[in-house]
Amino acid sequence: MADTDRKRWNTKYEGSAETPFTAHPLAARALSLALPDGPMLDLASGPSGSALLVAQSGRSVLAVDVSDVALRRLAAEARRRGLAELISIEEADLDAWRPQAGAYALVLCTGYWDRALFEPAARAVVPGGLLGWEAFTLDAKRTRPSLPDKWCLADGEPASLLPDGFTVLGQTDLPENGKRRLLARLSDQPRSTSTTTGA
Ligand SMILES: C[S@@+](CC[C@H](N)C(=O)[O-])C[C@H]1O[C@@H](n2cnc3c(N)ncnc32)[C@H](O)[C@@H]1O
């Protein structure tokens, strides 16, 4: 699977001359909230503007993606901005690669969904840290019928899959693109998952 994904995404990235390096709103939102010490993990990062934004705030980042083209672009931009020492890249297949547990103040994954990755990603968050995720829902199949079900969030996901100890700061459907966005915090004192409003 990694080879197919790498080729597909390398072709896509090679076909776009300009890389916008736009940070995802979840990255900006996370940085506006209290965050414990520790690095950020950007899963399926692409040439991530979010990684650059977080590094610019002085935090180290590990960006993981299967596309060497995307990661080379990110590394080159990090060098150009003087952020190379803060951004590490790892070319890996997220079908198999798993993060170290309890190691990251912020774990972000946008534009990618693999149910088997979600729990290990949540467990990679340090107490008090944040987990941000955005992916297509099954509603997106109305306009993208070829989208495989396994790439789409089912009702209530991903919040319904959070391990105990997380509080949902916000889970929002984005009807304009068929995606759903989650931001959740792991408490310092693990307890049952609960939902609050206004995130
Ligand atoms: C829609 S892009 C999202 C990129 C970035 N997170 C963003 O929000 O713009 C999906 C990313 O997932 C990566 N990807 C796809 N399959 C993968 C796999 N099996 N392992 C690791 N990365 C993968 C692609 O290379 C691509 O960069």
Side-chain angles (χ1 to χ4, degrees), residues 1-31 39-56 59 61-78 83 87-100 104 106-122 124-125 130-141 143-144 146-153 157-158 170-174 176-183:
M1 194 63 176
D3 266 1
T4 317
D5 290 338
R6 181 179 302 108
K7 281 182 193 143
R8 189 163 67 89
W9 281 97
N10 276 349
T11 303
K12 190 172 158 58
Y13 287 126
E14 278 160 347
S16 59
E18 294 268 316
T19 306
F21 298 113
T22 307
H24 193 279
L26 274 172
R29 174 84 177 115
L31 288 180
M40 172 211 193
L41 173 63
D42 193 347
L43 293 165
S45 64
S48 175
S50 301
L52 292 162
L53 181 74
V54 171
Q56 265 155 11
R59 204 174 279 272
V61 177
L62 174 61
V64 183
D65 200 284
V66 78
S67 166
D68 52 300
V69 172
L71 291 174
R72 275 202 305 274
R73 286 192 185 179
L74 173 58
E77 183 65 11
L83 298 170
I87 299 188
S88 307
I89 58 172
E90 183 152 349
E91 186 186 325
D93 178 9
L94 289 170
D95 283 353
W97 188 91
R98 293 293 177 259
Q100 184 187 335
Y104 299 94
L106 170 62
V107 175
L108 193 68
C109 185
T110 59
Y112 184 84
W113 177 242
D114 174 358
R115 205 164 273 106
L117 175 63
F118 184 73
E119 184 175 337
V125 177
L130 295 173
L131 174 67
W133 212 290
E134 186 178 290
F136 284 119
T137 68
L138 286 167
D139 275 354
K141 288 172 67 83
T143 50
R144 298 166 178 254
S146 63
L147 208 55
D149 284 14
K150 66 175 183 172
W151 292 357
C152 298
L153 298 163
E157 291 179 344
Q171 177 160 278
T172 312
D173 280 359
L174 308 169
E176 66 274 18
N177 58 18
K179 292 181 178 176
R180 183 174 297 139
R181 185 179 293 173
L182 167 76
L183 189 63

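This chain uses plain numbering: 1 for the first residue, then up along the sequence. Worth saying up front: this structure is predicted, and the values here are computed from it rather than measured. Every number for a ligand or one of its atoms is a count from 1 in the order of the listing.
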- Candidate with minimal heavy-atom separation from atom 19 (N) of ligand 1, of Val66, Asp95, Leu108, Asp93: Asp93
- Closest to atom 13 (C) of ligand 1 (heavy atoms only, candidates Val69, Asp65, Asp114) is Asp65
- Item | Under 3.5 Å: N/O of Gly111 near N/O of ligand 1 | no
- Should the heavy atoms of other residues, nucleotides or ligands under 6.0 Å from CD of Glu18 be counted, would the total exceed 12? no
- Message: Does the residue Ser50 have a heavy-atom contact with ligand 1, meaning some pair of atoms that are separated by less than 4.0 Å?
- Response: no
- Query: Hey, does Leu43 come in under 3.5 Å of ligand 1, counting only N/O atoms on both sides?
  - Reply: no
- Query: Which bit of Ala92 is near ligand 1, meaning a heavy atom under 4.0 Å away: side chain, backbone, both or neither?
  - Reply: backbone
- Message: Less than 4.0 Å is my threshold; does some heavy atom of Ser45 fall inside it relative to ligand 1?
- Response: yes
- Message: Could you tell me, atom by atom, which parts of ligand 1 come under 4.0 Å of a heavy atom of Gly46?
- Response: 27 (O)
- Task: Measure Ala44 to ligand 1 on non-hydrogen atoms and call it side chain, backbone, both or neither using the 4.0 Å cut-off.
- Result: both
- Task: Inspect the surroundings of CD in Gln100 and state if more than 12 heavy atoms from other residues, nucleotides or ligands are less than 6.0 Å away.
- Result: no
- Message: Is there a polar contact, in the sense of an N or O pair closer than 3.5 Å, between His24 and ligand 1?
- Response: no
- Side-chain donor or acceptor of Thr110 paired with backbone N/O of Glu134 under 3.5 Å: no
- Relative to atom 24 (C) of ligand 1, which among Trp9, Trp113, Tyr112 owns the nearest non-hydrogen atom? Trp9
- Item | Contact check, Tyr13 vs ligand 1, heavy-atom distance below 4.0 Å | yes
- Task: For Arg144, look at atom CZ and say whether over 12 heavy atoms of other residues, nucleotides or ligands are found less than 6.0 Å away.
- Result: no
- Got an N/O contact under 3.5 Å between Asp42 and ligand 1? no
- Message: Once you measure the plane-to-plane angle for Phe118 and Trp113, does it fall in the parallel (<30°), tilted (30-60°) or perpendicular (>60°) bin?
- Response: tilted
- Pair Ser67, Asn10: side-chain N/O donor-acceptor within cut-off below 3.5 Å: yes
- Item | Leu94 N/O under 3.5 Å from ligand 1 N/O | yes
- Taking all atoms of both residues into account, what is the closest heavy-atom pair of Pro39 and Arg59, and its distance? CA-CG, 4.3 Å
- Task: State whether Glu157 and Arg115 are salt-bridged, where the test is any N-O pair (Lys NZ or Arg NE/NH1/NH2 against Asp/Glu carboxylate O) under 4.0 Å.
- Result: yes
- Query: Are Lys150 and Asp114 ion-paired here, with the side-chain N under 4.0 Å from a carboxylate O?
  - Reply: no
